[in-house]
Structure formats: C-alpha cells, structure tokens
Amino acid sequence: MSSNISKITIYANIEKVWDTLTQAEFIKLWQYGSKLQTTWEIGTGIKFITEWEGKTFEQWGIVLEYNPPLKLRYSLFAPRPDLEDKPENYFEMIYILSKNDKKTDLEIIQEDKRPNAVQVEEQGEENPVLLMLKEVAETN
C-alpha cells in the first residue's frame, strides 16, 4: 500500500478552501474541468466526469467522511482495462484542513492499496493540481 501526501498553505480562510474542495463550480476549475456528482451524504456515491480530447473519463466511489470544514474522505475507482471494479481496486482521498492565522493548511492523503500502487515523495508547491487548487481558493 502507498500513502502519498501533498501539503500546501493557501492564503484563504478555511471555509473558502472547503468550498473549493467540495463545490462543483470550483472543482471543475482545478480538476481539469471535472464535473462532480454527489450529495456529500456519508455512504452515498461520488462521481467525477472529465472530457479530454473527445473522450469521457469517469471515476466513482463512496463518500466516507464529510466533516465541514475540517475533513473530507471518499473512495474512488479509476477504471483501466486490466482492473476490475471491486473494493480492493479502490483508493481513498483524504483532505484535512486546519486554520493557520488567516491562511489554511491543506493536507491531501491518497491511500492506495491497488496493485502496482507507487509511493512518491511528499508533494507541495511543485504539484500543478495543488497550485491550481490554491489559485482557485485564493482568487474566487
């Protein structure tokens, strides 16, 4: 299993960062145009739909924890031709937010027990998705 961690400090209040992580209109701005489908009720489904070069890609899972504005956790399945849709092929996304004066510290953990999961070094400002999330939270 791999446990990949990304950390970033965002110059926005915790509620704004929470909205950037959970509201569809903001998610599409930092997740490559992904459309979010969920009610955020624990135990219900979550789906991300992305159009890329004329193709549609979907990832889906279950909302596992929703504790505004401190913690969000959900499972996801990212289809591949060689991967069956079964529990051991899902990974978890965990978002932990904490106030830091007028800023917000965000830690994102990807717990991955899928076959061939890769452990990477902790990421931060060098990650383009994190930088886009930060920009969206700080400017909207």
Side-chain angles (χ1 to χ4, degrees):
M1 181 173 90
S2 68
S3 185
N4 294 311
I5 299 171
S6 300
K7 293 181 181 178
I8 197 162
T9 298
I10 300 173
Y11 293 85
N13 68 45
I14 197 167
E15 291 80 10
K16 184 62 182 170
V17 176
W18 181 261
D19 288 348
T20 303
L21 292 171
T22 60
Q23 292 185 10
E25 67 266 24
F26 296 126
I27 287 172
K28 71 179 177 184
L29 298 175
W30 63 272
Q31 281 197 16
Y32 302 105
S34 288
K35 297 175 187 167
L36 169 70
Q37 296 178 348
T38 189
T39 63
W40 289 121
E41 293 178 42
I42 294 172
T44 64
I46 183 170
K47 184 183 278 191
F48 295 94
I49 304 167
T50 307
E51 302 284 333
W52 184 261
E53 296 182 354
K55 295 181 181 176
T56 301
F57 299 91
E58 295 185 11
Q59 295 183 34
W60 56 85
I62 302 291
V63 177
L64 302 170
E65 189 172 348
Y66 186 80
N67 182 15
L70 303 173
K71 189 174 181 184
L72 174 64
R73 183 170 66 101
Y74 52 84
S75 66
L76 273 183
F77 177 71
R80 296 190 318 232
D82 63 332
L83 203 58
E84 232 181 300
D85 184 356
K86 55 186 183 179
E88 58 265 29
N89 291 328
Y90 281 63
F91 59 96
E92 285 189 16
M93 295 299 300
I94 305 159
Y95 299 82
I96 302 168
L97 295 81
S98 55
K99 290 181 184 181
N100 177 354
D101 195 23
K102 294 182 180 184
K103 303 172 281 201
T104 302
D105 291 328
L106 174 62
E107 180 177 17
I108 304 172
I109 305 164
Q110 181 180 354
E111 296 283 343
D112 197 344
K113 56 185 179 241
R114 296 175 294 175
N116 303 318
V118 176
Q119 182 70 44
V120 297
E121 296 288 323
E122 184 175 303
Q123 295 186 32
E125 297 277 341
E126 71 281 357
N127 181 314
V129 175
L130 281 181
L131 287 176
M132 186 60 79
L133 187 157
K134 177 180 169 115
E135 182 180 325
V136 170
E138 291 176 352
T139 60
N140 286 299

Can you run down the salt bridge (Lys or Arg N to Asp or Glu O under 4.0 Å) pairs that involve residues 41-54, sequence neighbours left out, and say none if there aren't any? Lys47-Glu58
For Val17, run the side chain to side chain contact (heavy atoms under 4.5 Å, CB included) check against Thr22, Asp105, Ile10 and tell me which one passes. Ile10
Given the rule that I, L, V, M, F, W and Y join up when any side-chain heavy atoms are under 4.5 Å apart, are Leu29 and Leu106 in one cluster? yes
Separation of Thr56 OG1 from Lys35 NZ (nearest 0.5 Å): 8.0 Å
Do Ile5 and Val129 share a hydrophobic cluster (ILVMFWY, side-chain heavy atoms under 4.5 Å, transitive)? no
Which word best sums up how the rings of Tyr74 and Trp40 line up, parallel for under 30°, tilted for 30 to 60°, or perpendicular for over 60°? tilted
As a quick check of understanding, evaluate side-chain contact (heavy atoms from CB on, under 4.5 Å) for Thr20 and Asn140, giving each step before the final call. CA-CA 9 Å; Thr20 303; Asn140 286 299; over 6 Å; no
What heavy-atom pair brings Ser34 and Thr50 nearest, and what distance separates the two atoms? OG-OG1, 2.5 Å
Distance-only criterion, 3.5 Å: show the donor-acceptor pairs between side-chain atoms of residues 131-139 and protein atoms not counting sequence neighbours.
unit_1: Lys134; atom_1: NZ; unit_2: Thr9; atom_2: O; d: 2.8
unit_1: Glu138; atom_1: OE2; unit_2: Tyr11; atom_2: N; d: 2.8
unit_1: Thr139; atom_1: OG1; unit_2: Glu135; atom_2: O; d: 2.7

Could you note down all residue pairs passing salt bridge (Lys or Arg N to Asp or Glu O under 4.0 Å) where residues 8-24 supplies at least one of them, sequence neighbours left out? none
Determine, step by step, whether Leu97 and Leu72 satisfy the side-chain contact (heavy atoms from CB on, under 4.5 Å) criterion, reporting the C-alpha distance in whole Å, the side-chain angles of both residues, the deciding distance to 0.1 Å, and the verdict. CA-CA 9 Å; Leu97 295 81; Leu72 174 64; 5.8 Å; no
So which atom in Thr44 and which in Thr39 form the shortest heavy-atom distance, rounded to 0.1 Å? OG1-OG1, 3.3 Å
Find the distance between CD1 (Ile109) and OG (Ser2) and round it off to the nearest 0.5 Å. 12.0 Å
Identify the two heavy atoms, one from Asn127 and one from Ser6, that lie closest to each other, and give their separation to 0.1 Å. ND2-OG, 4.3 Å
Minimum side-chain heavy-atom gap Leu36-Phe26 below 4.5 Å: no
Would you give the length of the straight line joining atom CG of Leu64 to atom CZ of Arg73, rounded to the nearest 0.5 angstrom? 4.5 Å
Going by heavy atoms in the side chains, are Pro79 and Trp60 under 4.5 Å from each other? yes
Between Ile108 and Leu76, is there shared hydrophobic-cluster membership here, with clusters defined by ILVMFWY side-chain heavy atoms closer than 4.5 Å? yes
Taken to the nearest 0.5 Å, the spacing of Asn89 CG from Glu84 CD works out to 7.5 Å
Thr38 side-chain N/O to Gly45 backbone N/O, donor-acceptor pair under 3.5 Å: yes
Rounded distance (nearest 0.5 Å) linking atom CE of Met93 with atom CG of Asn4: 9.5 Å
Does the separation of the ring centres of Trp18 and Tyr66 fall below 6.0 angstrom? yes
May I ask whether Phe77 and Ile46 are part of the same hydrophobic cluster, defined by side-chain heavy atoms of I, L, V, M, F, W, Y residues being less than 4.5 angstrom apart, directly or through others? no
Is there a path of hydrophobic side-chain contacts, each under 4.5 Å between heavy atoms of I/L/V/M/F/W/Y residues, joining Tyr90 to Leu83? yes
Return yes if a side-chain donor-acceptor contact under 3.5 Å exists between Glu111 and Ser3, otherwise no. yes
